[in-house]
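One structure is given here, and the rest of the page talks about it.
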Amino acid sequence: MPTRPSDLLAAAYSDADRTIELRRQLHRHPEIGLHLPRTQAAVLEAFAELPLEVTTGTTTSSVVAVLRGARPGPTYLLRADMDALPVHEDSGLPFASQVPGAMHACGHDTHVAMLVGAARLLAARREELAGQVVFMVQPGEEGFHGARYMLDEGLLDVVPEAPVSGAFALHVSSTLASGSVNVRPGPMMAAADQWRMTLRGRGGHASEPHAAADPIPVAAEIVLALQAMVTRRVDVFDPAVVTVAHIEAGSTNNVIPDTAYLEGTIRTLSAERRADVVASVRRVATHVAAAHELELHWEHIEGYPVTINDPGMAAQVLETAAELLGRQASVLMPAPLMGAEDFSYVLQRVPGVMAWLGACPPGVDAATAPANHSNLVVFDEEPLPAGVALYAQMALQALPG
Ligand SMILES: [Zn+2]
């Protein structure tokens, strides 16, 4: 008999203490980047009691575990990220970070705990699985391209006879209703590119600008020209955000500096728009600088690609969430989020879906709650068993025994 959704959820709730205990243990000891030895050790310890084939990364602290079902079949991947942020925690929680300058401010500690909980549920239901579940526990989601390292190390071929053919990831949000599952088909998260530019002019006396080549008004003109470019050249139905987030020039009131520095971000929702806007930012800035006989040095730092959900699998998440948690908990998102996610690299290779689990704390207004990445952010732990059950149910449905 396949496990009924209500029984799966009940099993996740009866295991909630272990899920929350692991979450808090990770929360106290956050680690940043691609090398997370303490976090990796906690994951390996939790996996050790389960019938999993476990391998660790050679270039990072990643962990890959394979659960083989009772019968052969395809391979389905469940992903959790496990890195923290360089933020000093001010949440006041009793289990707050004990590491100065590091905090699980994006809830990746909850993701690891939920994935481990799902591994326990699925290991107890191997009889119901025809195929393999791959548990992907990745470092370096916060800008370090951790998922890409794992793909390069053969993540998708960890079961050689059945390469990964579907993938699911869950992410908590402190500003979505607690226990809600939020997803949409198609673009889910943006591509994020950074750019930097240095305008080189000629310094001089502030009273004689004609004898200098002042980069400050040119920098100001570039800021405005970029906004005009976005509104006049970008189709509103394939949008872009260009933000100048940092600008620096000069040192005092009576000196014209010789350089001005600007940097910012470009967010887009399609590969075509992304290429077009990156080229347009460079072109506009270069030509505005040239018009004033200034040189421009430009640097583009490629970030994560667009995270694109498979439409059929997004519909399946909505259906599964409704079955497990009730209709009201299953939410079709009206629009993508303009943040970025390196699960996008996995979704470039296999059809899959990423969903958000609402974790706004009780008594807090979601509209004004400190958001993910805030030093004050708090995630409600109550919906974690729901996330455990959702992870497990996605795999059970993908690999029906
Ligand atoms: Zn995150």
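Start at 1 and go down the list; that is how both ligands and their atoms are numbered. In this chain, residues are counted from 1 in sequence order.
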Between R148 and E302, is there a side-chain N and carboxylate O pair less than 4.0 Å apart? no
Salt bridge between R200 and E295, side-chain N to carboxylate O under 4.0 Å? no
Should R327 and E319 be marked as a salt bridge (charged side-chain N to carboxylate O under 4.0 Å, His left out) after you check the CA-CA gap, both sets of side-chain angles, and the distance that decides it? CA-CA 8 Å; R327 272 285 152 212; E319 194 60 34; 3.8 Å; yes
Going by distance alone, is a donor N or O of one side chain under 3.5 Å from an acceptor N or O of the other, for E382 and S178? no
Is the F379 to H104 ring centre distance short of 6.0 Å? no
Below 2.8 Å, which protein N, O or S atoms neighbour the Zn ion (ligand 1), ignoring water? C106 SG, H108 NE2, H171 NE2
E341-T307 side chain donor-acceptor pair, cut-off 3.5 Å: no
